[in-house]
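A short worksheet on the structure shown next.
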2 protein chains.
Amino acid sequence: MSDTKTRILDAASNLFAEDGASALSVRAISKRAGLSTIGIYNHFQGKQGILDALYVEGFNMIAAAMRASHDAASPRQGIIDAITRYMTISTEQAGHFRLIFGQGDSSYTPSDAAKTVGAAAFDDFVYLVARALPKDCPRNKLREVALQIFATAHGYATLQHHETTELMRAPDWTALAINAITALLDAAMATDRPPHSGHKNR
Amino acid sequence: MSDTKTRILDAASNLFAEDGASALSVRAISKRAGLSTIGIYNHFQGKQGILDALYVEGFNMIAAAMRASHDAASPRQGIIDAITRYMTISTEQAGHFRLIFGQGDSSYTPSDAAKTVGAAAFDDFVYLVARALPKDCPRNKLREVALQIFATAHGYATLQHHETTELMRAPDWTALAINAITALLDAAMATDRPPHSGHKNR
DNA sequence: GCCACTTGATAACACTGTTATGGTCGTGTA
DNA sequence: TACACGACCATAACAGTGTTATCAAGTGGC
């Protein structure tokens, strides 16, 4: 990576860390880097390329959080720890989180390369979930349970920052998420029913 | 409401329905209304006021979906029906959904009046959940279970439109959401444990 | 050395939301 | 009736946005 490219990316990262995606005009970035705006087009093909780099950076953080670690007391606790880390990232890396989930810059569309990083992060999580489910669990169901756990946690991570829920007495969002995921894991472990049967009245 | 205000709002609503929030420049709205841009400032205090009107419109749709209806087979089925309707809205009214959850226009911040509409929609949902839980359930827990159900569903509604999950074989998001919420309702009905105990390893 | 490509500064372009300017109209008060 | 004031309107101007155009310099390959 050339010196200019590094200078631009460092400038963008610093501005992003200070004030989120709205601080990232091409003029602000190039001024911070001590260059003109043209370098953003030469090295990153424009502003979208800058945002792609930050998107990938954010997803790498999420992936690291969702990866199996060796110090969990059980595979199940490993999942709970991963979700706790995910909830922490949604707050501590709020700029990245908002960018990834569409709230940072409404004109940004991730490139195909950036998208594949997100998909790979999910694969890491599937592996973590696989260790907590029976060994004979079909691969389809594995991915589905992982998707459910992730989607569930994601709802809590997203809603905790939403202005309507900010009007409420502050709940402990991580605790609520863990509680919901615990219920989901219990249900997944307890039954062998097909995935869609939850759709019927019980 | 004056004729000018109506013309502007109709123009904005039509443009929004066609191409989402990105179609809503003040020049596009005023051109569609056959007026100059100044009316947007006189009648709506600027573009944020236009977006507020659409935000409130979207939240009113969500509120209607989440409200108790009299034709559910049981209170529990009433919740499941409401969540199903919520999932439907997230797709059929994608523009409104994206605007409400921060993805429509990253420069938009809802006014305090708009925010209270969202909070009121949640109150309707709490009432729906109350009918499915034991009558002696403390109000705190009621609100918390309602929040959990809503957050859980919200995760599915949001992730179904995200580009990383769009790379996957298309899951039935509504079925997955209902399945997760069923697990959550089972857990809420089965135990009287304090809300935070799910945080411990089991 | 010549040529093609890459890189960089600067200016220009088309677009954005907003404010400023000047004018008209309607309403209330003396 | 006359006047003052406020609301509303068209238009122009402003300051900002991402991007492209123009010109010049540097580099690498033949």
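Computed from a prediction, not measured in an experiment: that's the story for all the values here. In what follows, chains are A, B, ... by sequence order, proteins preceding strands, each numbered from 1.
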Open item on the list: Taking any heavy-atom pair under 4.0 Å as a contact, classify B:Ser2: base, sugar-phosphate, or nothing.
Closed with: nothing
Task: Side chain of A:Asn42 - closest among D:dT19, C:dT16, C:dG8 - done: C:dG8
- [ ] Please determine, for the side chain of B:Ile38, which listed nucleotide (D:dT17, D:dA10, D:dT19) has the closest atom?
- [x] D:dA10
- [ ] Specify the separation, in whole Å, of atom NZ of B:Lys5 and atom C1' of D:dC8.
- [x] 14 Å
- [ ] Give the rounded distance in Å between these two atoms: OH of B:Tyr41 and P of D:dA10.
- [x] 14 Å
TODO: Mind checking A:Ile50 for me? I need base, sugar-phosphate or nothing, with any heavy atom below 4.0 Å counting as a touch.
DONE: nothing
Open item on the list: C:dG8, OP1 or OP2 - any side-chain N/O from A:Ser36 closer than 4.0 Å?
Closed with: no
Task: Sugar-phosphate, base or nothing in reach of B:Thr4, heavy atoms under 4.0 Å - done: sugar-phosphate
Open item on the list: On the nucleotide D:dC9, are OP1 or OP2 found under 4.0 Å from the side-chain N or O atoms that B:His43 carries?
Closed with: yes
TODO: Report the residue from A:Phe16, A:Phe59, A:Phe101 that forms a ring-ring contact (aromatic ring centres under 6.0 Å, His included) with A:His96.
DONE: A:Phe16
Task: Any side-chain heavy-atom pair of A:Ile100 and A:Ile62 under 4.5 Å - done: yes
Task: 5' priority, DNA chain C, between A:Thr37 and B:Thr37 [closest heavy atom] - done: A:Thr37
Open item on the list: I'd like to know if the side chain of A:Thr37 and the backbone of A:Val26 have a donor-acceptor N/O pair within less than 3.5 Å.
Closed with: no
Open item on the list: What I want to check is whether an N or O donor and acceptor connect the side chain of A:Arg27 with the base of D:dG16 at under 3.5 Å.
Closed with: no
Open item on the list: Base, sugar-phosphate or nothing for B:Ile29? Non-hydrogen atoms, less than 4.0 Å.
Closed with: nothing
TODO: Report yes if the side chains of B:Phe125 and B:Ile83 come closer than 4.5 Å at any heavy-atom pair, otherwise no.
DONE: yes
Task: Integer-rounded Å distance: D:dT17 P and A:Leu51 CG - done: 14 Å
